[in-house]
Structures are given as structure tokens and as C-alpha cells.
Amino acid sequence: MNSTQVNCFLTLAKTLNFTQTAQKMYLSQSTVSKNIKNLEKELQVKLFKRGYHQIALTDKGKIFYNQMVLSTAEINDTIINLRQSSAIMRPKIKMGYTDLPFEKKWLPVALRLINTQTNLELKPFFVDPGQEHNINKLICDGTIDLMLMQKDIINEKDETRYVEVLQKGFSVVVPQGDCLFIKSNIDFSDLANRQIYLWNGHDNFPAIESLKFSLQSSPYDINYQEEIDSSVLIAYVRAKMGIGIVPSILYNKEDTDPRYIPLKTDQKLSYGILSLVNSEKRANINIINKYIAQAINISKTQW
């Protein structure tokens, strides 16, 4: 007795029609009939009474049907429990994220890769981007196991390790109708005598301090106003009150009205994965790091 025979029997017991049973099981009618005959032969019991254009369960067929319904339900419950047990046993790695536009692109890819190609479970954990100073603490106390973040934000500690994943420069955010809107890249000469809003977060990031020095040292008359909130900066640009300079990682593909145009500058911001040096999950974190890097490389081509 095999599963195909049992499924044919159960379906036929419900439909009492060979044609309908064949359609439901995506089998030929002759295959259904053969499976029923072989089952009856093996059990040495007549399960169906066959009449002219109609069939019905025999008394023994009804008993067998009731028992097989219970047995099949038990088997299905066992399979579900095994799957749930397997899911529970998957080691969990908690990853902090700040919901940047780019994270929305690569994070689903990373989750899909890790879920299908490893026995690990990556659990996203939202970290308020305004609480950068607490990230080391979150990692050290085990609230999160790792986080992709900007290196400039990190206060170096012996307990944590930073692995760079990518570098990004800066972009100029330009509103529609601006003379710079059609340019493929922007140099310092394009910034002369413009109202500029420069994003600088809550801290004096080294890369941004270096960019500020370059702007101030250029032979062009470049003045800027610092803005800590990128959404406010974008609002100013949309209102055509000026242009903005932001880290390219803040580029949002859904912003179709302003353009993010690369700024020609040597300054780069490093983005990488921060984790605990002596974590007991180190081997699993290394695996996760590899798939995150792969997801980012995949997503960069579509971003």
C-alpha cells in the first residue's frame, strides 16, 4: 500500500466518481482504477460496490475510510510538527537595521538567500538611527548580533569588529528644472554661488569634515548650510530653495522628482558589518556576513 493508492481511495470515497477523482489528482482514469484495484488486491477486501454508472463504499470500505482519514490527519500533523520543530531549531542571528532606502532593497534579498541556503534564521531588529551611540552597547549586551552601519558612527572598542562591505561617495540632490538636473555628475565648479544644504547628521563624521574642508579650500565661491535631518534637506530641495549634498547611501529610488547626481570628490564613506569579536555565534555570524555582502552586490545593480 502506497500513498498514491491511499490518496486515490480517499478522493474516490469523497467523489464516488472516477472521472472527478482523476481530474482532482491529475491522473488518468485508468491509473485511478488500477490503483484502487491494486489496493483492494493487497488488502484482500472489496472497498467499493460498482454499479451501472455509479459506485459506493462497501461496509468494510467505510471502516477503512474512517481509519485512513484519522491516520492521514495524524501523518499531516506529524509533518507540520516536524517542520515547526525544524524552524524552531534554526539558530537565530539578530541584525540591527535603520530602514535606509538601500536597506529596503538588499535586506529582503539577504533574508531570502539565508533562509533558502543556510540552516540559520536572520531576525531584523530596528535600531533608531538617532541612537547611534548605543549600537556598541546593543551588540555587547546581545540585543543584536550584528549591524550594517557607517564606520564613522562607530566608537572603536576592543570587544567589537568592523568588516567593510562597500564604500559610497556623495550625491548632489537637484530639483526638476534646475540647470544641473541633466548632468551625469557634478564637480565643485557647479556648486559655486548656489544655496547648498549639506547633510551632517548629529556627529562630525570624518568623511564629511574632509568634504567640508575640500569645499572651503576650493577656488570657487561655495557656501553651504548644514542640515542634520535628511528629510528636511530633501523638502528644501523639492521646494526649490536650493540643492543638497548627502551621502550616496541615502539615495532613494522612489524619489522621482529630485535627482541624486554623483559628486566628483575623493571622499568616501565606509559601510560595513559590526559584530562582537568573541561572540559564541561567531561562525554563524561569518556565514551571515557572506550572504549580506552577496545580497548587497546583487542589489547594487538594481539600485
For this session: Taking the side chain as every heavy atom from C-beta outward, state whether T265 and L211 have any atom pair closer than 4.5 Å.
Result: yes
Exercise. Which residue pairs pass the ring-ring contact (aromatic ring centres under 6.0 Å, His included) test when at least one of the two sits in residues 212-235, sequence neighbours left out?
Worked result: none
Exercise. To the nearest 0.5 Å, how far apart are CG in N2 and CG in L39?
Worked result: 8.5 Å
Exercise. Is any side-chain heavy atom of C8 closer than 4.5 Å to a side-chain heavy atom of L27?
Worked result: yes
Exercise. Are the side chains of L146 and N289 in touch, meaning some heavy atoms are under 4.5 Å apart?
Worked result: yes
For this session: Examine I285 and V163 and state if one hydrophobic cluster contains both, with Ile, Leu, Val, Met, Phe, Trp and Tyr joined whenever side-chain heavy atoms are less than 4.5 Å apart.
Result: no
Problem set entry | Whether T58 side chain and L47 backbone form a donor-acceptor pair below 3.5 Å | yes
Problem set entry | Of V237, D190, I186, I182, the residue whose pairing with V174 passes side chain to side chain contact (heavy atoms under 4.5 Å, CB included) | I186
Exercise. Looking at K94, K281, R282, which hits salt bridge (charged side-chain N to carboxylate O under 4.0 Å, His left out) with D145?
Worked result: K281
For this session: Check whether any side-chain heavy atom of I261 sits under 4.5 Å from a side-chain heavy atom of S171, and report yes or no.
Result: no
For this session: Determine, step by step, whether F102 and Y271 satisfy the ring-ring contact (aromatic ring centres under 6.0 Å, His included) criterion, reporting the C-alpha distance in whole Å, the side-chain angles of both residues, the deciding distance to 0.1 Å, and the verdict.
Result: CA-CA 12 Å; F102 186 42; Y271 294 86; 8.7 Å; no
For this session: May I ask you to decide if A293's main-chain N or O and N297's side chain share a donor-acceptor pair within less than 3.5 Å?
Result: yes
Problem set entry | Passing candidate, side chain to side chain contact (heavy atoms under 4.5 Å, CB included) with I296, options V109, L107, V165 | V165
Problem set entry | Residues which pass side-chain contact (heavy atoms from CB on, under 4.5 Å) with S230, listed by chain and number, not counting sequence neighbours | W199, L250
For this session: List the steps and the verdict of side-chain contact (heavy atoms from CB on, under 4.5 Å) for K24 and K14.
Result: CA-CA 11 Å; K24 284 179 178 291; K14 290 177 183 176; over 6 Å; no
Exercise. Is the backbone of K168 close enough, under 3.5 Å, to the side chain of S248 for a donor and an acceptor to pair up by distance?
Worked result: no
Problem set entry | Worked check of side-chain contact (heavy atoms from CB on, under 4.5 Å) between L57 and F64 | CA-CA 10 Å; L57 282 167; F64 186 66; over 6 Å; no
For this session: Answer yes or no: does atom CD of E280 have more than 12 heavy-atom neighbours from other residues, nucleotides or ligands under 6.0 Å?
Result: no
For this session: Quick one: closest heavy-atom pair of Q195 and M241, and the distance?
Result: CG-O, 3.2 Å
For this session: Sort out for me which residue in T118, I114, N284 forms a side chain to side chain contact (heavy atoms under 4.5 Å, CB included) with I93.
Result: N284
Problem set entry | Residue pair T21 / T11, side-chain donor-acceptor N/O under 3.5 Å | no
Problem set entry | Residues that N38 engages under side-chain contact (heavy atoms from CB on, under 4.5 Å), provided they are two or more places apart | Q5, K34
For this session: Using a 4.5 Å cut-off on heavy atoms from C-beta on, say whether the side chain of Y197 contacts that of V232.
Result: no
Exercise. What closest approach, in Å, do S231 and D229 show between heavy atoms, and which atom pair accounts for it?
Worked result: OG-OD1, 2.5 Å
For this session: Determine yes or no for a side-chain-to-main-chain donor-acceptor pair under 3.5 angstrom, with S217 supplying the side chain and S214 the backbone.
Result: no
For this session: Check the surroundings of atom CG in D257: do more than 12 heavy atoms from other residues, nucleotides or ligands lie under 6.0 Å from it?
Result: yes
Problem set entry | E40 and K37 ion-paired at < 4.0 Å | no
For this session: Return the set of residues passing side chain to side chain donor-acceptor pair (under 3.5 Å) with N17 (not counting sequence neighbours), or none when no residue passes.
Result: none
For this session: For the pair S210 (side chain) and P206 (backbone), establish whether a donor and an acceptor sit closer than 3.5 Å, ignoring hydrogens and angles.
Result: no
Seminar exercise, completed: For N185 and K264, the nearest pair of non-hydrogen atoms, with its separation, is OD1-CD, 3.2 Å
For this session: Taking the side chain as every heavy atom from C-beta outward, state whether Q67 and Y65 have any atom pair closer than 4.5 Å.
Result: no
Problem set entry | Same apolar cluster: V45 and I63, side chain cutoff 4.5 Å | no
Seminar exercise, completed: Output for pair (R161 CZ, L276 CG), nearest 0.5 Å, gives 10.5 Å
Problem set entry | Contact summary for I243 and P175, nearest pair of heavy atoms | CG2-CD, 4.0 Å
Exercise. Any chain of hydrophobic side-chain contacts (each under 4.5 Å) joining Y291 to L166?
Worked result: yes
Exercise. When rounded to the nearest 0.5 angstrom, what is the spacing between NZ in K62 and CZ in F48?
Worked result: 11.5 Å
For this session: Determine, stepwise, if the pair S275 / T160 fulfils side-chain contact (heavy atoms from CB on, under 4.5 Å).
Result: CA-CA 5 Å; S275 58; T160 53; over 6 Å; no
Exercise. How about V277 and E159: do any of their side-chain heavy atoms sit closer than 4.5 Å?
Worked result: no
Exercise. What is the distance from atom CG of L198 to atom CG of L233, rounded to the nearest 0.5 Å?
Worked result: 8.0 Å
For this session: Please report the closest heavy-atom contact between I208 and N200, naming both atoms and the distance.
Result: CG2-OD1, 3.3 Å
Exercise. About how many Å separate CG of L113 and CD1 of I298, when rounded to the nearest 0.5 Å?
Worked result: 5.0 Å
Exercise. Do T19 and Q29 pass the side-chain contact (heavy atoms from CB on, under 4.5 Å) test, and can you show the C-alpha distance, the side-chain angles, and the key distance before you say yes or no?
Worked result: CA-CA 6 Å; T19 302; Q29 192 169 329; 3.1 Å; yes
Seminar exercise, completed: Applying side chain to side chain donor-acceptor pair (under 3.5 Å) to S270 and not counting sequence neighbours gives Y162, E164
Problem set entry | Member of D178, D221, N223 meeting the side-chain hydrogen bond (donor to acceptor under 3.5 Å, both in side chains) criterion with R194 | D178
For this session: Can you run down the ring-ring contact (aromatic ring centres under 6.0 Å, His included) pairs that involve residues 166-190, sequence neighbours left out, and say none if there aren't any?
Result: none
For this session: Kindly work out whether a path of hydrophobic side-chain contacts (I/L/V/M/F/W/Y, heavy atoms less than 4.5 Å apart) joins Y26 to F18.
Result: no
Problem set entry | CD-CD1 distance between E121 and I288, expressed to the nearest 0.5 angstrom | 10.0 Å
For this session: Determine whether Q176 and P258 make a side-chain contact, defined as any pair of heavy atoms from C-beta on separated by less than 4.5 Å.
Result: no
Problem set entry | Within 6.0 angstrom of D141 CG, more than 12 heavy atoms from elsewhere | yes
Exercise. Closest heavy-atom contact between V127 and I144?
Worked result: CG2-CD1, 4.5 Å
